[in-house]
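Here is the structure we will look at, set down as structure tokens.
Indexing begins at 1, ligand by ligand and atom by atom, following the structure's order.
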Amino acid sequence: MGKGILVKYGEIAIKGNNRVLFENALIKNIKHALRDLGKLWIEKEQGRLFIPVPQEAENEPLWMQRALEGLQRIFGIIGVCPVDVLEVETSLTFDTIAEAVLAYVNREYTGALSFKVDCKRANKKFPMNSMEIASELGARILEARPELTVDVHDPQVRIMVELRNQVYIYGKTLPGLGGMPVGTAGRAALLLSGGIDSPVAGWMMAKRGLTLCAVYFHAHPYTTDRAKEKVLELARRVSVYAGKIRVYVVPFTEIQLDIYEKCPHEQLTIIMRRIMMQIAERIAEKEEAQALVTGESLGQVASQTLASLYCTNAVCHMPVFRPVIGFDKQEIIEIAKRIDTFETSILPYEDCCTIFVAKHPATRPKLNDIQKSEEALTSLPEQIDRAVENSEIITVGV
Ligand code: ATP
Ligand code: MG
């Protein structure tokens, strides 16, 4: 009998050819994420992947724990189960399976628990059907462990026996993150500030399978190197889930000073946001990305009222994904804590928006007025070119 991990992924959305792409992307992401745990052999099973514990790790108790933790951070997985496995050979009999199930139960559970055996029989070579197997296994367990009781509705322990290319025996499923494997949905550029919202937004879109690059607008010396380091650290934390991220640090001081000097102050933020979007699109094009991602949330601040978002969005040609648009701050904070970006986000380094912010920003800007004000920015096209060209590119994650 061997040991391993059964990886479950959601099957519904991925029929036909897409399934192979999905599975292959998931396998690649798993191998990459668990690369420190030795060379992995990953087998495909219908709707599942199986990862045997490598021989050299059999006596290494930490291996399983680290592998499970790693898998629980990979998008596309809905559950992971440490399993005992039996090879399916012609000599495999019901008795052999029953013995293995009993050994599993005896090892994993002590005390007077209620249980139920569930059987899935994808491999139809077995003569007994799944109901028969489950009830017969239940009977054998009761015989050997009279202190246990059967509860088919709400058991404390659900023993799963899956007959596939191999036989898998397990009693617990740890939850996965769900979503789609990173790399299966195209590329997007995340506008990443040092705040709480944008790392969460990036994480949420990576969860749908997008590969990310990130764009950070840096107004040196008004924003310090520590603010930049903070953003890079956030990118690193997102990359734990999203894979390697190229971060573009865009020199933004010249543009920001120009806006400050030439445009009405209550419009500063909107005009700045519109220029950020244009620069981010240019970088997205270079990266062959087809969407932008922001951490905007409706009504959170003056620049995120509908009228403001309307003005910001009017310069964009690409789809702009705003996955936290309908979330309350508290909901965003909860995700930030869960994905481990919160502590970094609340470090007190200023960002460029807080320095160049107006006392009374417009909450109902009119697109016409904004466009008129922008006419004062006569060097804007060249400034945008320069900002894109002079961006510093830093890759985070491995
Ligand atoms: P966050 O918590 O992500 O900073 P916020 O609530 O502070 O968001 P704003 O400062 O209005 O909101 O920014 C809204 C969105 O614009 C951010 O979520 C981010 O996507 C983008 N953004 C703002 N400032 C920057 C910046 N300096 N560099 C890159 N993107 C930025
Ligand atoms: Mg911010």
Quiz item: With a cut-off of 6.0 Å (strictly less than), are more than 12 heavy atoms of other residues, nucleotides or ligands near CD of Glu288?
Solution: no

Quiz item: Considering residues at least two apart in sequence or located in another chain, which fulfil the side-chain hydrogen bond (donor to acceptor under 3.5 Å, both in side chains) criterion with Ser308?
Solution: Thr305

Quiz item: Which of the atoms of ligand 1 are close to Arg273, meaning less than 4.0 Å from one of its heavy atoms?
Solution: 9 (P), 11 (O), 13 (O), 14 (C), 15 (C), 16 (O), 21 (C), 23 (C)

Self-check item: Salt-bridge criterion met for Glu69 and Arg73 (N-O under 4.0 Å)
Solution: no

Quiz item: Is any N or O atom of Ile196, backbone or side chain, closer than 3.5 Å to an N or O atom of ligand 1?
Solution: yes

Self-check item: N or O pair under 3.5 Å between Pro199 and ligand 1
Solution: no

Quiz item: N/O of Gly295 under 3.5 Å from N/O of ligand 1, yes or no?
Solution: yes

Self-check item: Over all atoms of both residues, closest heavy-atom pair of Trp63 and Pro52
Solution: CH2-O, 4.3 Å

Quiz item: If you take all heavy atoms of Trp203 and Leu177, which pair is closest and at what distance?
Solution: CZ2-CD2, 4.1 Å

Quiz item: Which atoms of ligand 1 have any heavy atom of Gln304 under 4.0 Å away?
Solution: 9 (P), 11 (O), 12 (O), 13 (O), 14 (C)

Quiz item: Is there any N or O on Gly194 that sits under 3.5 Å from an N or O of ligand 1?
Solution: no

Quiz prompt | ligand 1-proximal atoms of Thr269, by part, heavy-atom distance under 4.0 Å | solution = neither

Quiz item: So, Glu136 and Arg140, do they make that salt bridge, N to O below 4.0 Å?
Solution: yes

Quiz item: Quick one: does ligand 1 sit under 4.0 Å from the side chain of Val215, the backbone, both or neither, non-hydrogen atoms only?
Solution: backbone

Exercise. Answer with side chain, backbone, both or neither: which part of Gln300 has a heavy atom less than 4.0 angstrom from an atom of ligand 1?
Key: side chain

Quiz item: Is any NZ, NE, NH1 or NH2 atom of the basic residue among Arg386 and Glu382 found under 4.0 Å from an Asp or Glu carboxylate oxygen of the other?
Solution: no

Self-check item: Option with minimal heavy-atom separation from atom 31 (C) of ligand 1, where the choices are Ser193, Gly202, Ala189
Solution: Ser193

Quiz prompt | Which residues share a side-chain hydrogen bond (donor to acceptor under 3.5 Å, both in side chains) with Ser198, sequence neighbours left out | solution = Ser193

Quiz prompt | Numbered atoms of ligand 1 (with element) below 4.0 Å of Ser303, judged on heavy atoms | solution = 11 (O)

Quiz item: Could an N or O of ligand 1 be found under 3.5 Å from any N or O of Thr294, whether backbone or side chain?
Solution: no

